[in-house]
Amino acid sequence: MMQINLVLGSSREKSLGRRVFNYLKNHRHDFEQQNAVHLNFLAVGDYQLPFFYEDVAPMNNQD
(Lines give C-alpha, C1' and ligand atoms only; values in the text may rest on other atoms or scores of the structure.)
Protein backbone atom coordinates (compact mmCIF):
# COMPACT_ATOMS: atom_id res chain seq x y z
CA MET A 1 0.00 0.00 0.00
CA MET A 2 1.29 3.44 -0.92
CA GLN A 3 1.81 5.96 1.87
CA ILE A 4 1.30 9.67 1.32
CA ASN A 5 2.69 12.19 3.81
CA LEU A 6 0.76 15.44 4.06
CA VAL A 7 2.60 18.31 5.72
CA LEU A 8 0.85 21.48 6.85
CA GLY A 9 3.70 23.97 6.82
CA SER A 10 1.86 26.84 8.50
CA SER A 11 1.07 27.25 12.18
CA ARG A 12 -1.44 30.05 11.54
CA GLU A 13 -5.02 29.17 12.49
CA LYS A 14 -6.46 30.93 9.42
CA SER A 15 -4.03 29.64 6.82
CA LEU A 16 -5.56 28.53 3.54
CA GLY A 17 -3.60 25.28 3.57
CA ARG A 18 -5.25 24.33 6.87
CA ARG A 19 -8.62 24.11 5.08
CA VAL A 20 -7.31 21.54 2.62
CA PHE A 21 -5.40 19.71 5.34
CA ASN A 22 -8.47 19.45 7.58
CA TYR A 23 -10.71 18.43 4.70
CA LEU A 24 -8.41 15.55 3.81
CA LYS A 25 -8.04 14.62 7.47
CA ASN A 26 -11.83 14.57 7.95
CA HIS A 27 -12.36 12.49 4.78
CA ARG A 28 -9.31 10.32 5.31
CA HIS A 29 -11.13 6.99 5.50
CA ASP A 30 -13.04 7.48 2.25
CA PHE A 31 -9.95 8.68 0.37
CA GLU A 32 -7.81 5.82 1.66
CA GLN A 33 -10.43 3.22 0.72
CA GLN A 34 -11.05 4.57 -2.78
CA ASN A 35 -7.37 4.94 -3.66
CA ALA A 36 -5.73 2.11 -1.69
CA VAL A 37 -3.35 4.50 0.07
CA HIS A 38 -2.48 5.39 3.66
CA LEU A 39 -2.33 9.07 4.62
CA ASN A 40 0.05 10.41 7.28
CA PHE A 41 -0.62 13.92 8.60
CA LEU A 42 2.04 16.24 10.00
CA ALA A 43 1.43 19.84 11.06
CA VAL A 44 4.35 22.06 12.05
CA GLY A 45 2.01 23.84 14.48
CA ASP A 46 1.97 20.67 16.60
CA TYR A 47 5.63 21.22 17.48
CA GLN A 48 7.27 23.93 19.55
CA LEU A 49 8.80 26.10 16.83
CA PRO A 50 8.23 29.62 18.22
CA PHE A 51 9.87 31.41 15.30
CA PHE A 52 7.09 30.08 13.02
CA TYR A 53 4.21 31.44 15.10
CA GLU A 54 2.82 34.54 13.39
CA ASP A 55 -0.80 35.65 13.14
CA VAL A 56 -0.22 37.18 9.72
CA ALA A 57 1.26 35.49 6.66
CA PRO A 58 4.91 36.56 6.15
CA MET A 59 4.12 38.24 2.81
CA ASN A 60 1.50 40.41 4.57
CA ASN A 61 3.69 41.27 7.55
CA GLN A 62 4.94 44.78 6.77
CA ASP A 63 6.29 45.69 10.23
Side-chain angles (χ1 to χ4, degrees):
M1 180 178 287
M2 182 184 295
Q3 291 195 22
I4 299 174
N5 297 315
L6 296 139
V7 179
L8 177 60
S10 175
S11 59
R12 291 179 291 112
E13 289 297 321
K14 296 182 181 182
S15 71
L16 297 176
R18 185 173 302 279
R19 293 179 189 176
V20 176
F21 188 82
N22 287 337
Y23 176 84
L24 290 171
K25 203 170 185 180
N26 291 335
H27 295 88
R28 172 187 200 158
H29 181 72
D30 296 333
F31 189 81
E32 289 178 336
Q33 293 294 319
Q34 292 173 1
N35 299 289
V37 297
H38 176 74
L39 300 177
N40 296 311
F41 293 88
L42 173 70
V44 297
D46 293 343
Y47 299 91
Q48 292 184 356
L49 303 170
F51 47 91
F52 284 111
Y53 284 95
E54 295 186 23
D55 292 332
V56 180
M59 71 175 90
N60 296 330
N61 191 353
Q62 302 297 322
D63 292 337

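Heavy-atom basis, side chains included; hydrogens, waters and symmetry copies ignored.
The backbone N or O of Arg12 sits less than 3.5 Å from a side-chain atom of Arg18, completing a donor-acceptor pair. Formation of a donor-acceptor pair under 3.5 Å by the Glu32 side chain with backbone atoms of Leu39 is found in this model.
Considering CG of Asp30 and CG of Leu24, their distance stands at 11.5 Å, rounded to 0.5 Å. Separation of atoms CG (Asn5) and CG (Leu42) is listed at 8.0 Å; rounding is to 0.5 Å. In this structure, CD on Gln34 lies 10.5 Å from NE2 on His27, to the nearest 0.5 angstrom. Atoms CG and CG, on Leu8 and Asp46 in that order, are 8.5 Å from each other to the nearest 0.5 Å. Going from atom CE of Met1 over to atom NE2 of His38 covers 8.5 Å, rounded to the nearest 0.5 Å.
A single hydrophobic cluster is seen to contain both Met2 and Phe31, as judged by linkage of ILVMFWY side chains at heavy-atom distances under 4.5 Å, directly or through other members. Placement of Val44 and Val20 in two distinct hydrophobic clusters is found when ILVMFWY residues are connected by side-chain heavy-atom separations under 4.5 Å, directly or transitively.
Residues Phe41 and Val7 fail the side-chain proximity criterion, which asks for heavy atoms closer than 4.5 Å.
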